[in-house]
A.B. asks: 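What follows is a structure written as structure tokens; I'll ask about it next.
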Number of protein chains: 2
Amino acid sequence: MSLRNEILEVSRELLIERGFGKLSMRNIAKRANVTATSIYLHFDNKDDLLLALIDQSIEHLKEKLLAEIDSSKDLIRQLEDLARCYIQFALDHPKEYEIIYMVRPEEMPEYPKEKFQQIRSAYELLAEIIDKGRQKDLIDVENPVISAYTLWAQLHGVVSVILNKRLDTRIPQKEFIDQAIEHVIQGFIIQKTPA
Amino acid sequence: MSLRNEILEVSRELLIERGFGKLSMRNIAKRANVTATSIYLHFDNKDDLLLALIDQSIEHLKEKLLAEIDSSKDLIRQLEDLARCYIQFALDHPKEYEIIYMVRPEEMPEYPKEKFQQIRSAYELLAEIIDKGRQKDLIDVENPVISAYTLWAQLHGVVSVILNKRLDTRIPQKEFIDQAIEHVIQGFIIQKTPA
DNA sequence: CGTTTTCAGTTAACACTGTTAAGTTAACAG
DNA sequence: CTGTTAACTTAACAGTGTTAACTGAAAACG
């Protein structure tokens, strides 16, 4: 295996095992049995390495979402399944999820814009389903792409509160998630106004 | 003015002017015309200082929300106003908002739990309005406190995507926000099913 | 008054961080 | 056998949060 991939692999291990705070160049290097400076032969800098990790995480999430889609179910149900899948991914792989939103763009002056928008291909799964629902008058949206993005954002918020441990201790996590999904999905379905 | 307050003040200045990345103990100290170690006479450590800053930010946000409530308007409208106000606060004071969710609990072993749940008193504003709406059969919730929390979380998600610059460049920010608020609020109002 | 204790701040240092310039070492090309 | 290239290391720089030991002045006590 190339050293580049070795570095990516041990970085992921380290991230999951010991968290973002311990993910230093020297710790990564030690685990890969090289020196820290060797990493710079394969990555521009730490942000570049993190972006590669983010890439992998998004890919991972995308796979999970893709596997969840069951076209035989009705569209609203498909949307709810995806929402649940998204949240479950974040809970199952908290560190991998967090890193996606952890690297702060304002603090790395010249990052590749398209990298962050690579997540686009993932939320386009949502956009497709929303668009189908719109055509069948099941889902109430003007622009499926924008609505897919707001859905994505809403789910991120739900996950973010849990992962950052901001959830009120009086509120059971499961109940919070169920309620959140119910509200989120309801925000998209057509209001059946009296004829 | 006490040195403690002086430190808090220049910290806030520094955060706003130069961002979280430049908010180091030595930078703070320099601006307060003391040495870095003096800060430790007034705060346990950096996290403790950050928590004090977070406290102030939450208080600031709470004030804004409180000022936004207009009881003469209908409840749905009040909820929407609060949602818009929340998002606007985050856009007007991005650094102050970000710090609220930036300090990562898993990386500070023994933080005071009640600190993070101090935000509770802020979202209880939402809970109140939701509860009133429930009593008037305008809003569809089982538990106002939990639903208020899910609303809060969703708004945080919307803001988070914008502040982290994850918003697709093809999507105008204003349109994104308007759509998000529409979906979020619709997720709470009673479905007027045919009689 | 003089002495002692207390308090608020400083200096120096430790162990870490990302990152760069220069040096090494081995494989390959001519 | 020599020259070049590539992969890696060593040493160092400037920065980080944090601690222990020190300084000086003010307050407390006899």
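Proteins get letters first, then strands, A, B, ... in listed order; numbering begins at 1 in each. No experiment lies behind these values; they were computed from the predicted model shown.
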A.B. asks: Respond yes when some side-chain nitrogen or oxygen of Ser38(B) is under 4.0 Å from OP1 or OP2 of dT10(C), and no when none is.
C.D. replies: yes
A.B. asks: So, are Glu96(A) and Arg12(A) salt-bridged, with charged N and O less than 4.0 Å apart?
C.D. replies: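 Salt bridge between Glu96(A) and Arg12(A), a charged N being under 4.0 Å from a carboxylate O: yes.
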A.B. asks: Taking atom NZ as the centre, does Lys62(B) end up with more than 12 heavy-atom neighbours from other residues, nucleotides or ligands that are less than 6.0 angstrom away?
C.D. replies: yes
A.B. asks: Just compare dG9(C), dG17(D), dT16(D) and give me whichever is closest to any side-chain atom of Tyr40(B).
C.D. replies: dG17(D)
A.B. asks: The side chain of Asn45(B) is closest to which nucleotide in this list: dT9(D), dT11(C), dT18(D)?
C.D. replies: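 The closest nucleotide is dT18(D).
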A.B. asks: Whole angstrom is fine here: how far is it from CD1 in Ile28(A) over to P in dT19(C)?
C.D. replies: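 Distance check: Ile28(A) CD1 to dT19(C) P gives 11 Å.
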A.B. asks: What is the distance, rounded to the nearest whole Å, between atom CG of Asn27(A) and atom C1' of dG18(C)?
C.D. replies: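 Taking atom C1' of dG18(C) as the reference, CG of Asn27(A) is at 13 Å.
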A.B. asks: Quick one: which of dT10(C), dC8(D), dT17(C) gets closest to the side chain of Val34(B)?
C.D. replies: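 It is dT10(C).
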A.B. asks: So what does Ser24(A) touch, heavy atoms closer than 4.0 Å: a base, only the sugar-phosphate, or nothing?
C.D. replies: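 Sugar-phosphate: the residue Ser24(A), judged by heavy atoms under 4.0 Å, touches backbone atoms but no base.
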A.B. asks: Does a side-chain N-to-carboxylate-O contact under 4.0 Å join Arg84(B) and Asp178(B)?
C.D. replies: yes
A.B. asks: Would you indicate, yes or no, if dA8(C) has its OP1 or OP2 atom less than 4.0 angstrom from a side-chain nitrogen or oxygen of His42(B)?
C.D. replies: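 No, outside the criterion.
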A.B. asks: Go through the structure and list residues passing salt bridge (Lys or Arg N to Asp or Glu O under 4.0 Å) with Arg18(B), not counting sequence neighbours.
C.D. replies: none
A.B. asks: Using the closest heavy atom to pick a nucleotide of DNA chain D for each, name whichever of Thr35(A) or Ala36(B) lands nearer the 5' end.
C.D. replies: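 Counting from the 5' end, the first nearest nucleotide belongs to Thr35(A).
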A.B. asks: Are OP1 or OP2 of dC8(D) and a side-chain N or O of Asn33(A) less than 4.0 angstrom apart?
C.D. replies: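 Checking dC8(D) against Asn33(A), no side-chain N or O comes under 4.0 Å of OP1 or OP2.
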A.B. asks: Answer yes or no: side-chain N or O of Thr37(B) and base N or O of dT19(D) forming a donor-acceptor pair under 3.5 Å.
C.D. replies: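 It does not, because no donor-acceptor pair links the side chain of Thr37(B) to the base of dT19(D) below 3.5 Å.
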A.B. asks: If I take atom CE in residue Met25(B) and atom C1' in nucleotide dT17(C), what distance separates them, rounded to the nearest angstrom?
C.D. replies: 16 Å
A.B. asks: Looking at dT9(D), dG18(C), dT11(C), which one has an atom nearest to any side-chain atom of Lys46(A)?
C.D. replies: dG18(C)
A.B. asks: Between atom CG in Leu3(A) and atom P in dT9(D), what is the gap in whole Å?
C.D. replies: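 Going from Leu3(A) (CG) to dT9(D) (P), I get 9 Å.
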A.B. asks: For Leu41(A) and Arg26(A), find the nucleotide of DNA chain D closest to each by heavy atoms; which residue's nucleotide sits nearer the 5' end?
C.D. replies: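 So the residue in question is Leu41(A).
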A.B. asks: With both distances kept under 3.5 Å, what pairs with dA14(D), Watson-Crick or G-U wobble?
C.D. replies: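 Base partner found: dT17(C).
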A.B. asks: Given atom NZ of Lys22(A) and atom C1' of dC16(C), what is their separation to the nearest angstrom?
C.D. replies: 9 Å
A.B. asks: Mind checking Asp44(A) for me? I need base, sugar-phosphate or nothing, with any heavy atom below 4.0 Å counting as a touch.
C.D. replies: nothing
A.B. asks: Round to the nearest Å and state the distance from Leu50(A) atom CG to dT17(C) atom P.
C.D. replies: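 That distance rounds to 14 Å.
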A.B. asks: What is the distance from CD of Glu6(A) to P of dA7(D), rounded to the nearest Å?
C.D. replies: 16 Å
A.B. asks: Quickly, which of Leu75(A), Leu125(A), Val141(A) forms a side chain to side chain contact (heavy atoms under 4.5 Å, CB included) with Ile130(A)? Name it, please.
C.D. replies: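 Option passing the side chain to side chain contact (heavy atoms under 4.5 Å, CB included) with Ile130(A): Val141(A).
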A.B. asks: Send over the distance from Ile39(A) CD1 to dT9(D) P, rounded to a whole Å.
C.D. replies: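 Interatomic distance, CD1 of Ile39(A) to P of dT9(D): 10 Å.
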A.B. asks: For Tyr86(A) and Tyr97(A), I'd like to know if the aromatic rings sit close, meaning centre-to-centre distance below 6.0 Å.
C.D. replies: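 Here the rings of Tyr97(A) and Tyr86(A) have centres that are less than 6.0 Å from each other.
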